Amino acid sequence: MKAQRTPEQWRALLASRQTFNGTNIEFCAQHNISITSFYKHQANLRQSASSFVQVKTTTEHLQVQSHQHIQFDVQSGQLTLPADLSPNQVIAIIRGLSS
């Protein structure tokens, strides 16, 4: 019974061919594979490599700093708040000052 190799095993086997100094026939004999299987899997590997698209995902971080302020003039002086406070926070501060 012939050994069934996974695609990963074929990739590793065909990659090892690069360092083998003999012919393809000698390589196949040493690894107990037929020359037709060798060429078939070599062609499949080349075809899958040519249709492979490498995707690189990058993440970009953007930090926006705002130096704008909200300024309130009140009887006892000025109140300056950061502009990025939520409206609810501003309302809570004003209510706290008015009580």
Side-chain angles (χ1 to χ4, degrees):
M1 182 171 175
K2 293 183 181 181
Q4 295 291 319
R5 291 180 175 88
T6 65
E8 293 80 20
Q9 290 171 325
W10 273 107
R11 276 193 279 285
L13 183 64
L14 294 172
S16 71
R17 173 64 182 103
Q18 302 297 324
T19 59
F20 186 79
N21 290 328
T23 65
N24 286 343
I25 294 172
E26 293 168 336
F27 178 80
C28 291
Q30 182 175 348
H31 292 283
N32 196 28
I33 59 175
S34 71
I35 192 73
T36 54
S37 291
F38 172 82
Y39 285 122
K40 175 185 134 189
H41 288 284
Q42 186 181 49
N44 288 343
L45 183 63
R46 285 183 182 154
Q47 182 181 5
S48 67
S50 66
S51 63
F52 178 75
V53 176
Q54 185 175 6
V55 176
K56 181 179 180 183
T57 303
T58 59
T59 304
E60 184 175 322
H61 296 281
L62 178 63
Q63 183 176 5
V64 178
Q65 293 182 346
S66 175
H67 297 290
Q68 298 175 354
H69 300 285
I70 301 171
Q71 183 173 328
F72 293 98
D73 292 318
V74 292
Q75 290 177 344
S76 58
Q78 292 180 338
L79 174 63
T80 304
L81 301 173
D84 59 351
L85 280 179
S86 73
N88 291 336
Q89 290 173 317
V90 174
I91 292 169
I93 292 170
I94 293 172
R95 283 186 181 154
L97 292 172
S98 64
S99 56

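Only this structure's heavy atoms are used, side chains among them; waters, hydrogens and symmetry mates stay out. It should be emphasised that the depicted structure is a prediction, and the values quoted were computed from it without experimental measurement.
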From CA spacing to verdict: side chain to side chain contact (heavy atoms under 4.5 Å, CB included), Q89, L81 = CA-CA 10 Å; Q89 290 173 317; L81 301 173; over 6 Å; no

Check against side chain to side chain contact (heavy atoms under 4.5 Å, CB included), F38 and L14 | CA-CA 8 Å; F38 172 82; L14 294 172; 3.4 Å; yes

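Ring orientation note: the planes of H41 and W10 are close to parallel, at an angle under 30° on the 30°/60° scale.
Expressed to the nearest 0.5 Å, how far NE2 of H69 lies from CG of L79 amounts to 12.0 Å. Distance check: H31 NE2 to S16 OG gives 4.5 Å after rounding to the nearest 0.5 Å. In this structure, CG on N21 lies 12.0 Å from CZ on F27, to the nearest 0.5 angstrom. Between I25 atom CD1 and S34 atom OG the span is 11.5 Å, to the nearest 0.5 Å.
The minimum heavy-atom distance between Q78 and Q71, with the atom names listed, is NE2-NE2, 2.7 Å. The two atoms that bring Q30 and F20 nearest to each other are OE1-CE1, 2.7 Å, heavy atoms only.
In terms of modelled atom types and a separation under 3.5 Å, the side chain of E26 and the main chain of T23 share a donor-acceptor contact.
Looking at heavy atoms from C-beta onward, I35 lies in side-chain contact with N24 at the 4.5 angstrom threshold.
With sequence neighbours left out, the side-chain hydrogen bond (donor to acceptor under 3.5 Å, both in side chains) criterion links R5 to no other residue.
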